[in-house]
Amino acid sequence: MEPTIFDLILRKEIPADIVYEDEHVLGFKDVNPQAPVHVLFIPKVRIATHNDLDESNMDYIKHIHAAINHYAKEIGEADNGYRIVMNCNENGQQSVFHIHMHFLAGRQLEWPPG
Ligand code: 5GP
């Protein structure tokens, strides 16, 4: 598989504003933020889409949620609330094929989304 832009960020070959890192997960600011806080949480292994999750890699989802809970508390947005989103394939408007959870916070978000 060709490396994605997120593989390059993981390998620190291109810069990103990294706000969270642990053994399994990296979190960095989205380059085109849709809210005052817009961070992408990615697994440190390449999983192309949500469809590629299975028993062998599903724990990464647990690690991503744990990372988000930690980060939301750390920046003081846990009680205010936030949204987490994962887009899949064409109809979901996924553009980078290394799964990532969008974490959006810092303002009242619209629902339903546009
Ligand atoms: P998707 O559309 O796949 O759900 O989301 C991909 C996200 O990655 C988009 O919100 C886009 O702004 C962000 N993105 C794309 N390229 C880069 C990059 O090079 N650096 C960062 N920090 N974010 C990126």
Side-chain angles (χ1 to χ4, degrees):
M1 276 192 290
E2 281 289 296
T4 70
I5 195 87
F6 292 174
D7 290 299
L8 303 183
I9 288 173
L10 265 178
R11 302 204 295 248
K12 314 268 164 85
E13 288 176 11
I14 64 164
D17 194 345
I18 292 169
V19 297
Y20 179 89
E21 182 162 16
D22 66 30
E23 189 187 344
H24 306 289
V25 176
L26 191 74
F28 52 92
K29 292 186 183 177
D30 195 295
V31 78
N32 182 23
Q34 303 301 310
V37 181
H38 187 172
V39 172
L40 303 171
F41 287 86
I42 69 171
K44 286 188 168 178
V45 298
R46 173 83 173 277
I47 302 167
T49 79
H50 192 273
N51 294 330
D52 299 303
L53 287 165
D54 59 28
E55 283 306 311
S56 75
N57 57 21
M58 195 70 83
D59 273 2
Y60 279 99
I61 293 299
K62 189 174 81 180
H63 296 310
I64 286 171
H65 282 292
I68 288 172
N69 272 359
H70 178 94
Y71 181 67
K73 285 195 191 92
E74 183 180 271
I75 64 167
E77 294 290 353
D79 289 342
N80 295 332
Y82 51 85
R83 182 168 298 152
I84 52 180
V85 176
M86 190 185 290
N87 298 323
C88 181
N89 281 339
E90 190 175 349
N91 280 359
Q93 300 234 30
Q94 182 177 3
S95 61
V96 180
F97 289 85
H98 181 133
I99 60 166
H100 46 283
M101 195 79 82
H102 294 259
F103 172 87
L104 299 147
R107 69 168 168 81
Q108 178 67 64
L109 299 164
E110 307 84 23
W111 190 262

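Remember, it's 1-based here, ligands and their atoms both numbered in the order they're listed.
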Checking contacts here: is it the side chain or the backbone of [X] that comes within 4.0 Å of ligand 1, counting heavy atoms only? Could be both or neither.
X: Met86; answer: neither
X: His102; answer: side chain
X: Leu40; answer: side chain

Please confirm whether [X] comes under 4.0 Å of ligand 1, counting heavy atoms of the residue only.
X: Phe6; answer: yes
X: His100; answer: yes
X: Ile9; answer: yes

Quiz item: Should His38 be counted as touching ligand 1, given the test is an N or O pair under 3.5 Å?
Solution: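 His38 vs ligand 1: no N/O contact under 3.5 Å.
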Quiz item: Based purely on interatomic distance, does Ser95 place a nitrogen or oxygen under 3.5 Å from a nitrogen or oxygen of ligand 1?
Solution: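 Yes, at least one N or O pair falls under 3.5 Å.
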Quiz item: Hey, does His63 have a side-chain heavy atom less than 4.5 Å from the side chain of Asp22?
Solution: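 No, side chains not in contact.
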Quiz item: Can you find a heavy atom in the side chain of Phe103 that is under 4.5 Å from one in the side chain of Ile75?
Solution: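 Counting from C-beta outward, Phe103 and Ile75 do come under 4.5 Å.
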Practice problem: Might you confirm whether atom CD of Glu13 has over 12 heavy atoms from other residues, nucleotides or ligands at distances under 6.0 Å? | Solution: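 Buried by this count: over 12 neighbours within 6.0 Å.
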Quiz item: Within a radius of less than 6.0 Å around CG of Asn51, do more than 12 heavy atoms belonging to other residues, nucleotides or ligands occur?
Solution: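 Check passes, neighbour count above 12.
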Quiz item: Can His100 and His102 be said to form a ring pair (Phe, Tyr, Trp, His ring centres under 6.0 Å), step by step?
Solution: CA-CA 6 Å; His100 46 283; His102 294 259; 5.2 Å; yes
Quiz item: Any salt bridge between Lys44 and Glu23, counting N to O under 4.0 Å?
Solution: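 So Lys44 does not pair with Glu23 through a salt bridge.
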Exercise. Identify which of Val96, Asp30, Thr49, Ile14 has a heavy atom lying nearest to atom 7 (C) of ligand 1.
Key: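 It is Asp30 whose heavy atom sits nearest to atom 7 (C) of ligand 1.
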